[in-house]
Amino acid sequence: MEPVHQFLHQLKQDQKLREELAETLRVENDWNVATHIAEKYGYKFTSKKLWETIQERQQKGETWEDEPQPAIGVENASIQLDNFLTAEDNHHLLEYALQHESDFVSSLTVDLDDTLHLSPNHRRSLMLPSCSDVVEGVIHRIHQVLPEVRNQLLLPSFPISGIDASLTAHNDGHFYRLHKDNNSIRLATREITFVYYFCKEPKPFTGGELRIYYNQVKKNLFAFKLIEPRNNSIVFFPSRYLHEILPVHCPFQNFADSRFTINGWIEQQVGSSRGANFRDLMLTLMVMISRSQKNQMLSSFGT
Ligand SMILES: O=C(O)CCC(=O)C(=O)O
Ligand SMILES: [Fe+2]
């Protein structure tokens, strides 16, 4: 095994080493200290090697858990709450989306290396940039139900750094193929995904179910749960689950008949519980690395 993998392996096993690294990261606020500590323990590699290794393992879908995750029962895979907003707020969102039809643009995907792409074979839908004003009401309600959601999903409480959200529309032939929402370094702090559905009544489209793969049964076989996109309902599930949106059929292709959502992510704040476990420590490193990469990019642009 290469020294960098050996070091990560020891880090996973060794609570004292984790505490030492966590404390040094906190004091120095510089991810390069990880290589100094590794060297002290007899593992020699460069910061670049560490960065590449973490990135590579993250891209392969590593979840950085100390222990293998227990199998989840279907009832704890996701939670869907009906009548989430008042009927008035629900109508208001639909009106808002319809009024802003001409501002919608094609949705992009974030690649494993954090670059944004238009990928029509992977994702086809529209989104409304800058709609933070209408999203606020949904976020406010989310905070109210969060304890119940965590309970149902068997997720321990964690410090939240923020809730990010966007407004999307799926019309005829639109879909989003299999993906995870936290599968890049920049998105690794996403813990819980939510999707609030709204549309005209009666529902003017068919299809568009959300399929959530919550358990790996065998190598390539997953147990999944199918979520019906009901108007004024919201679904929550852990962002690390694979999921996909099945193709939508809107026979008349009117924009107003779209499957609309406000969907987003509850993000874990890293730092406050640093050192407690391997995953928090890896998240901390990832956030520090991506911040320093961003700074390097900015300085190379001369800002
Ligand atoms: O619209 C949905 O049901 C899910 C959306 C989704 O998976 C995403 O935007 O990442
Ligand atoms: Fe997603």
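Ligands are counted one by one from 1 in listed order, and the atoms in each one are counted from 1 as well.
Taking distances strictly below 2.8 Å, the protein N/O/S atoms close to the Fe ion (ligand 2) are His179 NE2, Asp181 OD1, His243 NE2.
Of the listed residues (Glu267, Gln268, Arg190, Glu191), just one forms a side-chain contact (heavy atoms from CB on, under 4.5 Å) with Asn182, and that residue is Arg190. With Trp51 as the fixed residue, the side-chain contact (heavy atoms from CB on, under 4.5 Å) test singles out one of Val4, Thr46, Ile185: Ile185.
Taking each heavy atom of Asp172 and His249 in turn, the nearest pair found is OD1-CA, 3.3 Å. Annotation for Leu167 and Ala97: closest pair CD2-CB, 4.4 Å, computed over non-hydrogen atoms.
Between Phe104 and Phe255, the gap from one ring centroid to the other is short of 6.0 Å.
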Next item on the list: Could you walk me through whether Ser119 and Thr109 pass side chain to side chain donor-acceptor pair (under 3.5 Å), step by step?
Entry: CA-CA 7 Å; Ser119 326; Thr109 54; 2.7 Å; yes
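Using a heavy-atom distance under 4.0 Å as the criterion, the protein contacts of ligand 1 are Arg123, Tyr176, His179, Asp181, Val195, Tyr197, Leu210, His243, Ile245, Arg259, Thr261, Asn263.
Counting heavy atoms from C-beta outward, Gln58 and Met286 have side chains that approach closer than 4.5 Å.
By the 6.0 Å and 45° rule, Arg150 stacks over the aromatic ring of Phe158.
One distance of note links CZ of Phe7 with NZ of Lys49; it measures 14.5 Å at 0.5 Å rounding.
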